[in-house]
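Here's the structure, in structure tokens; my notes come after.
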Protein chains: 2
Amino acid sequence: MPETARRTDRLAGSRYGNRPTMKDVAARAGVGLKTVSRVVNGEPGVTPETERRVQEAIDALGFRRNDSARVLRKGRTASIGLVLEDLADPFYGPLSRAVEEVARAHGALLINGSSAEDPDREQELALALCARRVDGLVVIPAGDDHRYLEPEIKAGVATVFVDRPAGKIDADVVLSDNYGGARDGVAHLIAHGHRRIGFVGDMPRIHTAAERLRGYRAAMEDAGIEVADAWMSLGVTDPQRVRRAAEEMLSGPDPVTAIFTGNNRVTVTAVRVLAEHKRPVAVVGFDDFELADLLQPGVTVVAQDAAALGRTAAERLFRQLDGDLITPERIELPTRLITRGSGELPPRD
Amino acid sequence: MPETARRTDRLAGSRYGNRPTMKDVAARAGVGLKTVSRVVNGEPGVTPETERRVQEAIDALGFRRNDSARVLRKGRTASIGLVLEDLADPFYGPLSRAVEEVARAHGALLINGSSAEDPDREQELALALCARRVDGLVVIPAGDDHRYLEPEIKAGVATVFVDRPAGKIDADVVLSDNYGGARDGVAHLIAHGHRRIGFVGDMPRIHTAAERLRGYRAAMEDAGIEVADAWMSLGVTDPQRVRRAAEEMLSGPDPVTAIFTGNNRVTVTAVRVLAEHKRPVAVVGFDDFELADLLQPGVTVVAQDAAALGRTAAERLFRQLDGDLITPERIELPTRLITRGSGELPPRD
DNA sequence: CTCGCATATGACAACGTTGTCCAGGCTCTA
DNA sequence: TAGAGCCTGGACAACGTTGTCATATGCGAG
């Protein structure tokens, strides 16, 4: 009873109602299936008259080509995936936007998802995107082991990691110069006379945090300053703990006169704490943020160019897809010190 | 010569190298195709022993189910589309994130794109998403005519508009209470003694801008204040022109003592201008923004809940998909006045 | 007038998966 | 021990599209 079979089948898959297909269009226009395909894809070899008839049928039925079928047949999806940490974080907005812009220029759509800083979720997402057969993948790593992507990469999925390096596999990576930027920022404070400089940053297991810490240490060492343990606060990002950490550094027998903060969230909280503080304390933060110039004093920052990170990564991705590249590369983009006042305050004891 | 045909065909679609298929897995495991499908989908009716063999073959070959084919067969993509204005705008980050969160809870992926405020691009994007057969669409309108979506909606694509209403079609809409919020904000200024209150906002052809302007007028009228044309500046968003507009209102024979700003970009620029101004001028802005509390004085705002907008829209979308709903609805979410100082300054002439 | 050629069109298979249906082997019971 | 019923596994078609190839049509040249 094929009739029944068909009906059941239809029902199971009928989330769309029944959309017209090329076959329907062909029937209505009184032409062959392939002719419709030709018209839809602008292929040559169709008389203007035939084309008109087909176009009419398309409009009348509200036909829209089913790209799933097309993808299945052609093998390419013209879409790329973006796995990022948190879309709500203002740092990733411009990055994501830049990736999308490049994708668009290459006629591709962007599918994205947030890992919420959870390695398992990152993997789940990345693999889901691969199952969709995205042509390529831009990943902002949450975890530090990406071997799970090996079969995908081998199968031809272009892959670029951004902001943090890939773990345990050889792949393209686009990073900011976290080490150099932090070093410059801290050196800037030292140049303005500070010697007791605090560092508040994320857990060193996060690559960017580790690099920035390394930059801090290097700048201090360059200046011949020995760093006291009490000046460093690692693995601290939530406002309450940042607050406590900053307050501890500022009190005690040997209080810091300046603080270097490891990312924008920490910077903002630190600035809040310092605003309540009696003595002015110098601050340089890693990451720029909106309105940093409007605060009193303006906040001096080491800025990374999020859009450039995204753009560079996406362009690299499409070059992979075009078959241009062979050897994975590590690209480091420079940071920029923006002086606004808070980093130029002299030490006050 | 079918051999040749096959080879050419392969080449055309071989962006992925040749990924293993269920057929390959079946061959390697020595079972039938459908058995592999059963294992992959966790369907019952497979002996543990068989399952083990299949799983082994899957791992060995690095097989990953091709969701394109799956989609084609099943009719659902388990993905939804989001068309927004600009991912780099901090307002849309939390909104997008909220949509994604709901999608994830329903096992769906999120595909998104930015319209860059261009109606043509919005349409192009929305239709591209429909061609991918997304199950549903969340649209932040750039244009004001959405009849192009009618065939899609009729075909069963769930659709919800957010932040601005749909144009010329009947559909679900989730909005902030722009009118009420603006009215409250302006009333707040009036309550603090202001009578000459300026308004700087976007072009009234944008729905939100028009509603906020309407709220401004209503509050003024309620207080029996006649609004002078010179107090209103419409269609002004780029920093330079906002600057000029604000300066004009503040000079002249009858300067305003307070300004109500129509969105966060305008607010920020206005605050910049006022920071340079000699006399303190009160400000209330529509839209909250990060660090508004840290400025001197803190900026009083009418806050909308971007995340709630996204969440509400997405939930509505999935209820449509579950077939719960029939009649399109217009949902308005309340705004919240957050007082921080700038809106409580008394008038000074 | 006919042959050859170019051009327009259609038939058909294939992409990789899932739903349906059937076959074979097993257990359990009468 | 035979038959009923269950469980496992596989053959096959179908989803909607595109690439290949074959055919039909019309036209100009010989």
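Side chains included, hydrogens not; waters and symmetry mates left out as well; all remaining heavy atoms used. This structure is a prediction, so every number in the text was calculated from the model and none was measured. Order of the sequence lines fixes the chain letters, A, B, ..., with proteins taken first and strands second; residue numbering starts at 1 for each chain.
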With 3.5 Å as the limit, what N/O pairs link the protein to nucleotides 23-28 of chain D?
none

N/O-N/O pairs, protein side and nucleotides 4-11 of chain D side, under 3.5 Å:
residue	atom	partner	partner atom	Å
D:dT8	O3'	B:Thr47	OG1	3.0
D:dG9	OP1	B:Thr47	OG1	2.7
D:dG9	OP1	B:Thr50	OG1	2.2
D:dG9	OP2	B:Thr47	N	3.0
D:dG9	OP2	B:Thr47	OG1	3.2
D:dG9	N7	B:Arg38	NH2	3.1
D:dG10	OP1	B:Gly32	N	3.0
D:dG10	OP2	B:Gly32	N	2.3
D:dG10	OP2	B:Thr35	OG1	2.6
D:dG10	N7	B:Arg38	NH2	2.9
D:dG10	O6	B:Arg38	NH2	3.4

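Look at B:Arg73 and you won't find any side-chain N or O under 4.0 angstrom from OP1 or OP2 of D:dA14. An OP1 or OP2 oxygen of D:dG19 is reached within less than 4.0 angstrom by a side-chain nitrogen or oxygen of A:Lys74. Under 4.0 angstrom from either OP1 or OP2 of D:dT18 there lies at least one side-chain N or O belonging to A:Arg65.
Legend: residues meeting side chain to side chain contact (heavy atoms under 4.5 Å, CB included) with B:Arg38, ordered by chain and number and at least two apart, are B:Lys34, B:Thr35, B:Glu43, B:Val46. For the side chain to side chain contact (heavy atoms under 4.5 Å, CB included) test, residues two or more places apart in sequence or in another chain that qualify with B:Thr312 are B:Val174, B:Ile331, B:Leu333. Taking A:Glu56 as the reference, A:Arg52 meet the side chain to side chain contact (heavy atoms under 4.5 Å, CB included) condition, with sequence neighbours excluded.
Under the salt bridge (charged side-chain N to carboxylate O under 4.0 Å, His left out) criterion, the residue pairs touching residues 94-115 of chain B are A:Asp86-B:Arg97, A:Arg121-B:Glu101, A:Glu124-B:Arg104, B:Arg97-B:Glu101, with sequence neighbours excluded.
Remark: C1' of C:dA11 and NZ of A:Lys23 are 13 Å apart, rounded to the nearest angstrom. In this structure, A:Met22 atom CE and C:dA13 atom P are separated by 19 Å, rounded to whole Å. Computed from coordinates, the B:Glu49 CD to C:dC26 P distance equals 16 Å when rounded to whole Å. Here C:dT9 presents its P atom at 13 Å from CD of A:Glu43, a figure rounded to the nearest Å. In this entry the distance linking CG of A:Asp24 with P of D:dG16 reads 8 Å, nearest Å. When the P atom of C:dG16 is taken as reference, atom CG of B:Asp67 falls 14 Å away, rounded to whole Å. Atom CZ of B:Arg70 and atom C1' of C:dG16 are 12 Å apart (whole Å). With rounding to whole Å, A:Asn66 atom CG is found 13 Å from D:dT18 atom C1'.
Separation of atoms OG (A:Ser79) and CG (A:Leu129) is listed at 8.5 Å; rounding is to 0.5 Å. Taken to the nearest 0.5 Å, the OG atom of B:Ser114 stands 7.5 Å off from the CG atom of B:Leu125.
B:Asn41 comes within 4.0 angstrom of sugar-phosphate atoms only, judged by non-hydrogen atoms across all strands, and of no base.
Below 30°, between 30° and 60°, or above 60°: for B:Phe161 and B:His146 the angle between ring planes is above 60°, a perpendicular geometry.
In this structure, B:Ala126 and B:Leu149 approach most closely via the heavy-atom pair CB-CD2, 4.4 Å. Contact record, A:Ala171 with A:Pro328: C-CB, 3.6 Å, taken as the closest heavy-atom pair.
Listed nucleotides C:dT17, D:dT17, D:dG19 differ in distance to A:Ala69; the shortest reach to its side chain belongs to D:dT17.
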